[in-house]
Amino acid sequence: MAGFDAIVCGLGGMGSAAAAELARRGQRVLGLERHHAVHDLGSSHGGSRIIRQAYFEGEEYVPLLLRAYERWAQVERDSGRELLTITGGLMLGGPDSETVSGALASARKFNLEHEELDSAELRRRFPTLRIRDEVGVYEPLAGFVSPEASVAVHLALAERAGADLRFTESVRSWMPTRSGGVAVTTDHGRYEADRLVVTAGAWSSEVLADLALPLTVERQIQFWFAPPGGVEPFSAAGHPVYIWELADGTQFYGLPQHGPASDGVKVAFFRMGGPTSPETVDRQVHPEEVAQTRSVVTELVPGLDGPLVRAATCLYTTTPDEDFLITAHPEHPQVVLATGFSGHGFKFVSVVGEILADLAIDGSTTLPIELFRLRW
Ligand SMILES: Cc1cc2nc3c(=O)[nH]c(=O)nc-3n(C[C@H](O)[C@H](O)[C@H](O)COP(=O)(O)OP(=O)(O)OC[C@H]3O[C@@H](n4cnc5c(N)ncnc54)[C@H](O)[C@@H]3O)c2cc1C
């Protein structure tokens with residue numbers, strides 16, 4: 001008999017949730033993580049991640065988002081920790097921009113609560129944002145989740161349910177066993193299990209080398225500025241999250257202030273980074289990168305144009321079509337993988353944990369994941 005029911009490789013955003021859900025369902029779980037718990041070398045750090053339902057990326061995501069909200073609430077109840085902050089969210093751009101028209105299409109199709117706002121109404125209601133001729137879709141249930149708190153909470157729930165979690169231990173290789181399970185070799189030892197769940201983020205191509213996945217790892221930067229007039233106008237109590245599509249199609253986004261005022265207020269670009277690898281990525285943020293972001297802040301959110309408090313790099317793992325990859329391994333169905341979250345995965349962590357537990361235990365899920373099959 002295998003030593004464990006399931007091994008989870010990578011305990012970041014997705015893997016911590018999978019380990020917690022597998023353990024909650026009575027599985028004997030071994031979790032393996034190459035770094036320390038809740039580290040900042042992958043994709044799940046930086047204090048906040050936008051969550052929203054009127055998904056401009058595609059209507060197919062909406063049923064999963066509705067489930068994700070239910071699951072975040074469940075994790076909050078199970079842990080007694082607040083992970084989700086609802087602030088409302090604004091999608092801004094030209095009427096035909098992907099950000100606005102896509103959000104509207106999802107909102108209409110699924111009857112999601114939303115408001116369509118013209119430029120004058122936006123200027124009146126959101127004075128921190130310098131609206132030119134943009135229009136907007138306002139979604140009252142959007143907000144943000146805390147990635148570090150989410151990982152910490154899921155790890156704690158996993159351990160509470162009996163999971164064996166090991167940190168600073170890297171999976172080097174895995175192979176199917178004759179009995180239909182898997183043998184996993186790490187830099188510390190060898191383990192067997194009935195199932196392997198690979199949630200290795202930016203390292204996925206290495207762990208799943210046999211699949212030659214067409215994933216690109218991208219370096220992205222998160223910036224925090226100190227508003228010279230104080231943080232109050234940016235406070236989570238009254239300020240929405242926003243994604244702002246510029247004339248050239250790039251998307252600039254921001255989140256309200258939360259936590260200590262001295263932490264500043266976060267802004268970033270969605271998908272502005274260049275290709276890299278988790279081992280070679282330049283983790284320094286350079287003055288010209290700060291200057292480029294500041295120029296947009298000056299133009300669009302002038303009240304944030306104060307000192308830079310902090311900047312941090314982060315990794316996207318992107319698929320050719322920017323849709324996720326969540327599936328069983330095509331040749332070894334006892335191996336389940338979830339990767340390629342393409343810079344928009346965190347809001348789904350709660351439901352991805354559920355999907356991975358379904359796939360690992362039952363071999364299938366009733367949640368709609370057809371879009372996320374292996375398709376290249
Ligand atoms: C700047 C930035 C902003 C973002 N903003 C948003 C947002 O607003 N909203 C949103 O929904 N999403 C957002 N995302 C995307 C989201 O954060 C990611 O999709 C998500 O964090 C991916 O989680 P993951 O579990 O796949 O990766 P990770 O959290 O990086 O986890 C992978 C883990 O696997 C471990 N690992 C790798 N190889 C091995 C091995 N061989 N053995 C053992 N362990 C291993 C790694 O150390 C790591 O801990 C953002 C991402 C970035 C970078």
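Values below: all heavy atoms of this structure, side chains included; hydrogens, waters and symmetry mates excluded. Both counts, for ligands and for their atoms, begin at 1 and track the order of listing.
Contacts between His39 and ligand 1 below 4.0 angstrom, taking non-hydrogen atoms only, involve the side chain exclusively. Counting heavy atoms closer than 4.0 Å to ligand 1, residue Thr339 contributes nothing at all.
When Gly10, Ala202, Pro278, Gly12 are checked for heavy-atom proximity to atom 31 (O) of ligand 1, Gly12 turns out nearest.
Distance CD/Glu21 to OG/Ser16: 12.0 Å, rounded to 0.5 Å. Interatomic distance, OG of Ser150 versus CZ of Arg81, reported as 10.0 Å (0.5 Å rounding).
Residue Gln222 has no nitrogen or oxygen atom sitting less than 3.5 Å from a nitrogen or oxygen atom of ligand 1, judged on distance alone. At least one N or O atom of Gly345, backbone or side chain, sits closer than 3.5 Å to an N or O atom of ligand 1. Inclusion of Gly42 in the set of residues having an N or O under 3.5 Å from an N or O of ligand 1 is not warranted. Between Gly13 and ligand 1, a contact under 3.5 Å exists for at least one N or O pair. The distance criterion of under 3.5 Å between nitrogen or oxygen atoms is not met by Tyr316 with respect to ligand 1. Residue Trp203 has no nitrogen or oxygen atom sitting less than 3.5 Å from a nitrogen or oxygen atom of ligand 1, judged on distance alone. Any N or O atom pair closer than 3.5 Å counts here, and Gln220 shares no such pair with ligand 1. For Leu315, no nitrogen or oxygen atom sits less than 3.5 Å from a nitrogen or oxygen atom of ligand 1, counting backbone and side chain alike.
Of all non-hydrogen atoms in Phe56 and Glu98, the two that sit nearest each other are CB-O, 3.4 Å.
Closest protein heavy atom to atom 9 (N) of ligand 1: Ile50 O, 3.0 Å. The protein heavy atom nearest to atom 17 (O) of ligand 1 is Arg49 NE, 2.8 Å. What sits closest to atom 23 (O) of ligand 1 on the protein, heavy atoms only, is Ser44 OG, 3.6 Å. Of the protein's heavy atoms, Arg34 N, 3.0 Å lies nearest to atom 44 (N) of ligand 1. Nearest protein neighbour of atom 24 (P) of ligand 1, counting heavy atoms only, is Met14 CG, 3.8 Å. Closest to atom 35 (C) of ligand 1 among all protein heavy atoms lies Glu33 OE1, 3.3 Å. Here the protein heavy atom with the shortest distance to atom 53 (C) of ligand 1 is Cys314 SG, 1.8 Å. For atom 42 (N) of ligand 1, the closest non-hydrogen atom of the protein is Val171 N, 2.9 Å.
Of the possible donor and acceptor atoms, none in the side chain of Ser235 sits under 3.5 Å from a partner among the backbone N and O of Val231. Under the 3.5 Å distance criterion, the side-chain polar atoms of Arg373 are matched with a main-chain donor or acceptor of Glu370. Formation of a donor-acceptor pair under 3.5 Å by the Glu289 side chain with backbone atoms of His286 is found in this model.
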Exercise. Can you check ring-ring contact (aromatic ring centres under 6.0 Å, His included) on His239 and Phe234, steps first, answer last?
Worked result: CA-CA 5 Å; His239 201 287; Phe234 295 93; 5.4 Å; yes

For this session: Please assess Asp210 against His329 for the test side-chain hydrogen bond (donor to acceptor under 3.5 Å, both in side chains), listing each intermediate value before the final yes or no.
Result: CA-CA 10 Å; Asp210 60 315; His329 188 293; 2.6 Å; yes

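Just one of Tyr69, Tyr61, Phe341, Trp72 meets the ring-ring contact (aromatic ring centres under 6.0 Å, His included) condition when paired with Phe348; it is Tyr61.
Relative to the six-membered ring of Phe225, Arg310 misses at least one condition, a distance below 6.0 Å or an angle of at most 45° to the axis.
Taking the centre of each ring, His344 and Tyr316 stay at or above the 6.0 Å mark.
No side-chain donor-acceptor contact under 3.5 Å links Thr276 and Glu218.
Not a single heavy atom of Ala268 sits closer than 4.0 Å to an atom of ligand 1. The shortest separation from a heavy atom of Tyr253 to ligand 1 is under 4.0 Å, placing the residue in contact. Using a 4.0 Å heavy-atom cutoff, Gly46 is absent from the residues neighbouring ligand 1. Heavy-atom distances between Glu169 and ligand 1 reach below 4.0 Å in at least one pair.
Enclosure of atom CD in Gln74 by more than 12 non-hydrogen atoms of other residues, nucleotides or ligands within 6.0 angstrom is indicated.
Under 4.0 Å is where a charged nitrogen must lie from a carboxylate oxygen, and between Asp5 and Arg195 no such pair does.
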